[in-house]
Amino acid sequence: MILIAGGGVGGLTLALMLHRRGIPCTVLEAATELRELGVGINTLPHGIAELGELGLLPALDAAAIRTRELRYLNHLGQTLWSEPRGLHAGHAMPQFSIHRGRLHGLLWRAAAERLPAGALRTGERLLGLEQDAEGVTAQTTSGPLRGTALIGADGIHSALRTLLHPDDGGIRWQGIQMWRGALDWPAFETGDVMLIAGDLKAKLVFYPIAPGSTPAHRLTNWVIYARTATGEAPPPRREDWSRPGRLKDVLPLARRLKLPFLDVEAMIRTSPMRLEYPMCDRDPLPWWTAGRVTLLGDAAHPMYPVGSNGASQAILDARCLADLLATQPVAAALKAYEADRLPKTAALVASNRRGGPERVVDVVCERAPRGFTRIEDVIPMEDLAAIARGYAQTAGFAVAR
């Protein structure tokens with residue numbers, strides 16, 4: 001029996017993959033009830049390929065948008081770089097833009113349907129652990145539970161990470177604050193385009209995440225983020241998925257964006273809610289695994305939400321770990337999993353701190369802060385391609401050319 005602490009995207013994907021391989025597992029979720037929290041996220045083709053193997057493509061198509069194109073713009077709406085995504089880029093699988101809570105919900109429902117009764121346990125907070133040569137005993141709010149391994153998939157505030165690394169430096173914040181929302185909004189162009197627009201002061205991320213109230217509308221995700229502090233002090237409040245933000249804080253940033261096709265201020269004013277939280281990560285760990293215990297997803301490698309990689313990397317973790325647990329003794333499987341996934345995800349954490357592929361906007365705005373007539377006069381297109389495609393290579397979803 002594999003014990004999985006955390007019933008988020010990574011933990012549920014691992015549970016489904018273990019079940020598919022005939023390996024029993026129990027998911028211990030600290031929350032007492034499932035709540036579909038958050039706003040939009042993207043799941044990349046290499047992650048979707050793994051969910052496709054679990055038979056989840058129909059559910060994803062019903063809940064999400066297949067992203068066709070990603071476009072980088074300056075604050076005046078001039079195109080800096082664009083590229084096809086998913087199937088349109090030559091991948092075997094689509095890229096999906098989806099509400100984070102809906103992705104979580106469809107994974108939870110799939111696990112509830114497929115796993116034995118009692119395999120999903122809510123209100124189970126991990127308090128401690130003991131392990132020996134034969135297995136692990138997890139101390140939880142309802143008492144001890146015994147398993148052959150314990151996997152910590154309990155998020156950026158992971159209790160298991162704290163138990164394994166009590167001297168870890170904790171949450172890292174470079175001073176960037178995010179405001180996010182989602183609303184029913186007229187579809188932009190074909191209703192499947194993702195935009196990242198801005199300058200060195202503020203950036204907007206805009207993309208549809210589900211069908212809207214009419215064929216001409218989409219449930220649309222927006223993010224505005226900006227550096228509001230030096231990052232020398234801790235973030236002002238704990239990062240979570242549901243803290244309301246203040247309109248007066250985000251509107252000055254929205255007004256910097258003079259996009260001829262989108263009234264950013266009106267969109268933000270119209271949003272039924274605005275969420276606020278700091279853009280945080282944690283330093284890569286020197287190791288994840290101790291005997292029969294290891295970490296997965298944001299518990300192991302929380303990263304800045306640039307480049308659309310958080311959920312996708314948790315899914316890739318789950319596939320790697322499930323394959324190894326199906327073919328090797330537990331302790332060896334966990335070590336092999338760490339050897340494969342730790343260096344890859346550490347490289348992504350570092351790249352995302354530098355801006356990931358969104359550095360395209362910074363580089364151009366440094367050279368042409370008031371716009372341009374021809375992008376080629378500002379920067380060679382091969383330099384922009386090196387940023388965007390170099391990140392895809394690092395993240396493991398580049399198309400062979």
Side-chain angles (χ1 to χ4, degrees), residues 40 42 44 67-86 88-89 95 97 174-180 188-189 192-207 221-228 230-231 250 252-265 267-268 279 303-309 347-395 397-399 401:
N42 276 272
L44 297 171
T67 306
R68 177 178 60 85
E69 182 182 346
L70 169 61
R71 202 174 299 168
Y72 295 97
L73 315 169
N74 65 7
H75 67 293
L76 302 174
Q78 295 177 298
T79 298
L80 315 179
W81 173 263
S82 64
E83 60 185 36
R85 304 293 277 190
H88 304 275
Q95 172 176 324
S97 298
Q174 292 185 345
I176 298 173
Q177 196 78 359
M178 296 186 293
W179 291 264
R180 305 193 63 169
F188 172 70
E189 293 186 356
D192 53 5
V193 176
M194 179 178 181
L195 303 175
I196 299 175
D199 59 12
L200 294 172
K201 296 289 187 180
K203 292 184 180 66
L204 167 75
V205 184
F206 171 97
Y207 55 91
N221 176 84
W222 61 265
V223 186
I224 285 184
Y225 66 92
R227 187 175 299 280
T228 61
T230 64
V250 68
L253 302 171
R255 294 180 184 127
R256 298 186 61 85
L257 301 162
K258 313 295 186 184
L259 307 182
F261 52 83
L262 177 64
D263 187 336
V264 180
E265 180 176 347
M267 179 181 66
I268 291 172
M279 186 183 288
M303 58 188 68
Y304 282 180
V306 298
S308 307
N309 255 292
L348 274 174
V349 171
S351 179
N352 285 11
R353 282 183 176 177
R354 297 190 298 269
E358 295 170 25
R359 286 195 303 116
V360 165
V361 176
D362 292 339
V363 170
V364 174
C365 289
E366 282 176 351
R367 301 182 186 185
R370 298 179 182 177
F372 52 84
T373 302
R374 295 176 67 252
I375 185 64
E376 295 85 356
D377 296 333
V378 179
I379 184 172
M381 296 305 290
E382 55 265 29
D383 289 1
L384 293 175
I387 297 172
R389 293 175 182 159
Y391 183 83
Q393 193 73 44
T394 300
F397 69 100
V399 177
R401 297 181 183 273

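It should be emphasised that the depicted structure is a prediction, and the values quoted were computed from it without experimental measurement.
For Arg354, the salt bridge (charged side-chain N to carboxylate O under 4.0 Å, His left out) test picks out no residue, with sequence neighbours left out. Checked against side-chain contact (heavy atoms from CB on, under 4.5 Å), Glu358 has the following partners two or more places apart in sequence or in another chain: Tyr72, Ile196, Tyr225, Val306. Listed by chain and residue number, Lys203 satisfy the salt bridge (charged side-chain N to carboxylate O under 4.0 Å, His left out) test with Asp362 (two or more places apart in sequence, or in another chain). The side-chain contact (heavy atoms from CB on, under 4.5 Å) search around Arg227 returns Gln174, Ile176, not counting sequence neighbours. For Glu83, the side chain to side chain donor-acceptor pair (under 3.5 Å) partners at least two apart in sequence or on another chain are Trp81, Arg85. Under the side-chain contact (heavy atoms from CB on, under 4.5 Å) criterion, Pro84 pairs with His88, Ala89, sequence neighbours left out. In this structure, Arg359 has no side chain to side chain donor-acceptor pair (under 3.5 Å) partners at least two apart in sequence or on a different chain. In this view, Glu376 and Arg374, Met381 satisfy the side-chain contact (heavy atoms from CB on, under 4.5 Å) rule, not counting sequence neighbours. With sequence neighbours left out, Asp199 forms a side chain to side chain donor-acceptor pair (under 3.5 Å) with Arg256. Taking the ring-ring contact (aromatic ring centres under 6.0 Å, His included) definition, one finds that Phe188 meets it with Phe261, sequence neighbours left out. Evaluation of the side chain to side chain donor-acceptor pair (under 3.5 Å) rule for Asn352 yields Tyr391 as partners, not counting sequence neighbours.
Within the 4.5 Å cutoff, side-chain heavy atoms of Trp179 are placed close to those of Leu253. Under the 4.5 Å side-chain criterion, counting only non-hydrogen atoms from C-beta, Val364 is in contact with Leu384.
To the nearest 0.5 angstrom, Leu204 atom CG is 5.5 Å from Met267 atom CE. Distance check, rounded to the nearest 0.5 Å: CG of Asn42 to OH of Tyr207 gives 5.0 Å. Atoms OG and CD, from Ser82 and Glu69 in turn, are 5.0 Å apart once rounded to the nearest 0.5 Å.
The two residues Asn309 and Leu348 come nearest to each other via the heavy atoms OD1-CD1, 4.0 Å. The two residues Trp222 and Ile224 have their closest heavy-atom pair at CE3-N, 3.9 Å.
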